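A short worksheet on the structure shown next.
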Amino acid sequence: MPMARTPILAILTVLFLTLTLGPGAAITAGAAAPQGSAPAAKNGAKALPLVVVVSTGGTIAEKTDPKTGGAVPTVSGDDLIAAVPGLATLARIEVVNYSNIDSSQMTPERWAGLSRAVDAALNRPEVGGVVVTHGTDTMAEGSFFLDATLTSDKPVVFTGAMNDASSPFPDGPGNLYNAVLQVCSPNSRDWGVTVTLNGYINSARDVRKTQTTNVQTFESGEKGYLGYITSGTVSRFNDRLRRVRLPLPETLPKVAFLATYAGDDGAFVRHAVDDGAKGIVINGVGSGNVNEAVYGAVKYALSKGVVVVISTTVYYGSVEPVYGDLGGGLMLEKDGCILAGDLPGQKARLLLMLGLAGYGPDAAKLKALF
């Protein structure tokens, strides 16, 4: 008898719910949706973060030309995504094909356009972060330019490859997978722009390319890596120490970058002044010194209102006002040069360009940037 009453009770329950709460409630109460149904899959897909991949070219997007034997840009951002197994399990991906050039052809003006494109993506509320695929030759500079000019605090990861897509050991797919993983990880917040290859995460300010062909080329020296990616996990080692941010100008002033050397007569410094440079960054020797002839050329530049920043060819340590002879760091600073601290010369040039665009030749404000 109890079994005979069970269908009647079920029918009465469904009828009651239909009359009081509507047909949908009756269906929900009567049976659970099957596992793996279309609505559940759709909702699961929506739960994944949205990551925008901005492709600019570089070795990661190159294949060997059978006619010349040289690697050339041939791979689009969409092709890069398609070559990475499992990427769809990490995030929903959108691709922006910004350019397809070797990074030796990059310019500050192209980075300015890239900064605007990345900011436009980051300003969309649904976007969790951006991955920029970029050639490794100038990746350290390009990442620093964006680090200084982006307005959003969402994660931005630069990645690329040392081996092209035709190589029997392409490193691009793994680097791209890790970059998306990093954007999605809660362990990678507040790092600003990073350069992430071969599992190692570097601050855009401190990173350098240190090896011409080996996949382990990007390092942060004595500052150390920010983190490391292994087995699908971002391990956080350090917080970033410093970040300078400046408005992105419509135009960038002309700034020369020169490296001094034993026997330098200062002619290149004088030429840069006469050629219309608004600023000059000189990679000095040691802790930021030049010889007497270059010192005379620096004084000439300063007399013409050209801003002069002194960096160093030495990898580690800072430019310091120590030596008091003609061309020593102490004399250069006293005469009005700005010392770049521990910022490498190529990045000091980009920072001076942005600073001059924002502040003009205001020595106090420009000095504070370094």
Side-chain angles (χ1 to χ4, degrees), residues 51 53-64 71 73 75 77 79-81 83-87 89-91 93 102-104 106 129-144 146-147 155-185 187-189 191-240 315-316 344 346-347:
V51 176
V53 175
V54 181
S55 174
T56 70
T59 300
I60 192 172
E62 294 181 355
K63 288 185 177 180
T64 302
V75 181
D79 296 330
L80 291 177
I81 298 302
V84 184
L87 200 59
T89 65
L90 296 177
I93 304 295
D102 190 87
S103 72
S104 60
M106 278 293 181
V130 168
V131 171
V132 177
T133 60
H134 193 286
T136 59
D137 283 358
T138 58
M139 187 184 292
E141 293 171 68
S143 62
F144 176 73
L146 265 68
D147 191 58
V156 175
V157 180
F158 271 63
T159 196
M162 292 297 289
N163 299 325
D164 66 49
S166 299
S167 167
F169 310 105
D171 53 323
N175 287 335
L176 183 52
Y177 183 94
N178 279 345
V180 173
L181 177 70
Q182 181 186 328
V183 167
C184 299
S185 172
N187 292 339
S188 59
R189 297 296 179 260
W191 274 340
V193 179
T194 72
V195 169
T196 303
L197 281 86
N198 207 34
Y200 290 96
I201 304 170
N202 300 267
S203 167
R205 179 182 175 89
D206 301 317
V207 68
R208 292 177 184 257
K209 184 175 181 180
T210 63
Q211 229 282 352
T212 58
T213 57
N214 197 286
V215 293
Q216 182 45 35
T217 181
F218 284 105
E219 299 181 7
S220 296
E222 59 192 7
K223 302 298 190 307
Y225 298 110
L226 293 175
Y228 184 69
I229 302 173
T230 182
S231 301
T233 301
V234 176
S235 297
R236 191 180 184 98
F237 296 163
N238 295 299
D239 295 333
R240 75 167 296 159
Y315 256 41
Y316 307 131
Q346 293 94 328
K347 296 180 183 181

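Treat the numbers as computed from the prediction; the structure is a model and nothing was measured.
- Here S166 pairs with K63, T64, D164 under the side-chain contact (heavy atoms from CB on, under 4.5 Å) rule; sequence neighbours left out.
- Taking OG from S235 and CG from N187, the interatomic distance works out to 7.5 Å, rounded to the nearest 0.5 Å.
- Nearest approach of P173 to A83, heavy atoms of both residues: CB-O, 3.8 Å.
- Between Y225 and E219, the closest side-chain pair of non-hydrogen atoms falls below 4.5 Å.
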Requested in this report: Take V130 and V183 through the side chain to side chain contact (heavy atoms under 4.5 Å, CB included) test and state the conclusion after the steps.
Outcome: CA-CA 7 Å; V130 168; V183 167; over 6 Å; no
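- Contact record, A71 with E62: CB-OE1, 3.4 Å, taken as the closest heavy-atom pair.
- Every residue two or more places apart in sequence or in another chain that forms a side chain to side chain donor-acceptor pair (under 3.5 Å) with S104 is listed here: D102.
- A140 and V207 get closest at one heavy-atom pair: CB-O, 3.7 Å.
- Of the possible donor and acceptor atoms, one in the side chain of T138 sits under 3.5 Å from a partner among the backbone N and O of S103.
- Between V54 and T133, every side-chain heavy-atom pair lies at or beyond the 4.5 Å cut-off.
- T159 and A179 make their closest contact through CG2-CB, 3.9 Å (heavy atoms, listed as atom of the first residue, atom of the second, distance).
- Screening residues 158-178 for ring-ring contact (aromatic ring centres under 6.0 Å, His included), with sequence neighbours left out, gives H134-F158.
- Looking at D171, its side chain does come within 3.5 Å of a backbone N or O of M162 through a donor-acceptor pair.
- Checked against side chain to side chain donor-acceptor pair (under 3.5 Å), N238 has no partners two or more places apart in sequence or in another chain.
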Report task. Apply side chain to side chain contact (heavy atoms under 4.5 Å, CB included) to the pair L80 and S55, showing each step before the final yes or no. Result -> CA-CA 9 Å; L80 291 177; S55 174; 4.2 Å; yes
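- For the residue pair A204 and K347, the shortest heavy atom distance occurs at O-NZ, 2.7 Å.
- Residues satisfying the side-chain contact (heavy atoms from CB on, under 4.5 Å) test with T194, not counting sequence neighbours, are V157, Q182, W191, T196, I201, L226.
- Every residue meeting the salt bridge (charged side-chain N to carboxylate O under 4.0 Å, His left out) condition with R240, not counting sequence neighbours, appears here in chain and number order: D147.
- Judged as a ring-ring contact (aromatic ring centres under 6.0 Å, His included), and not counting sequence neighbours, the contacts of Y228 are Y200.
- For I93, the side-chain contact (heavy atoms from CB on, under 4.5 Å) partners are V51, V53, I81, L87, A91, V95, V180, not counting sequence neighbours.
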Requested in this report: Give the intermediate values and the outcome of side chain to side chain contact (heavy atoms under 4.5 Å, CB included) for residues M139 and F218.
Outcome: CA-CA 10 Å; M139 187 184 292; F218 284 105; 4.0 Å; yes
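- K223 is linked by a side-chain contact (heavy atoms from CB on, under 4.5 Å) to D206, L241, D342, counting only residues two or more places apart in sequence or in another chain.
- Every residue two or more places apart in sequence or in another chain that forms a salt bridge (charged side-chain N to carboxylate O under 4.0 Å, His left out) with R236 is listed here: D239.
- At least one side-chain heavy atom of N163 sits less than 4.5 Å from a side-chain heavy atom of V215.
- Going from atom OG of S220 over to atom CZ of R208 covers 10.5 Å, rounded to the nearest 0.5 Å.
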Report task. Report the C-alpha distance between L197 and T136 in whole Å, list the side-chain angles of each, state the deciding distance to 0.1 Å, and finish with yes or no for side chain to side chain contact (heavy atoms under 4.5 Å, CB included). Result -> CA-CA 10 Å; L197 281 86; T136 59; 4.1 Å; yes
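- Here the straight-line distance linking atom SG of C184 with atom CG of L90 works out to 6.0 Å at 0.5 Å rounding.
- Considering only residues two or more places apart in sequence or on other chains, D137 meets the salt bridge (charged side-chain N to carboxylate O under 4.0 Å, His left out) condition with K209.
- A side-chain donor-acceptor contact under 3.5 Å links T210 to the backbone of T217.
- Taking T213 as the reference, Q211 meet the side chain to side chain donor-acceptor pair (under 3.5 Å) condition, with sequence neighbours excluded.
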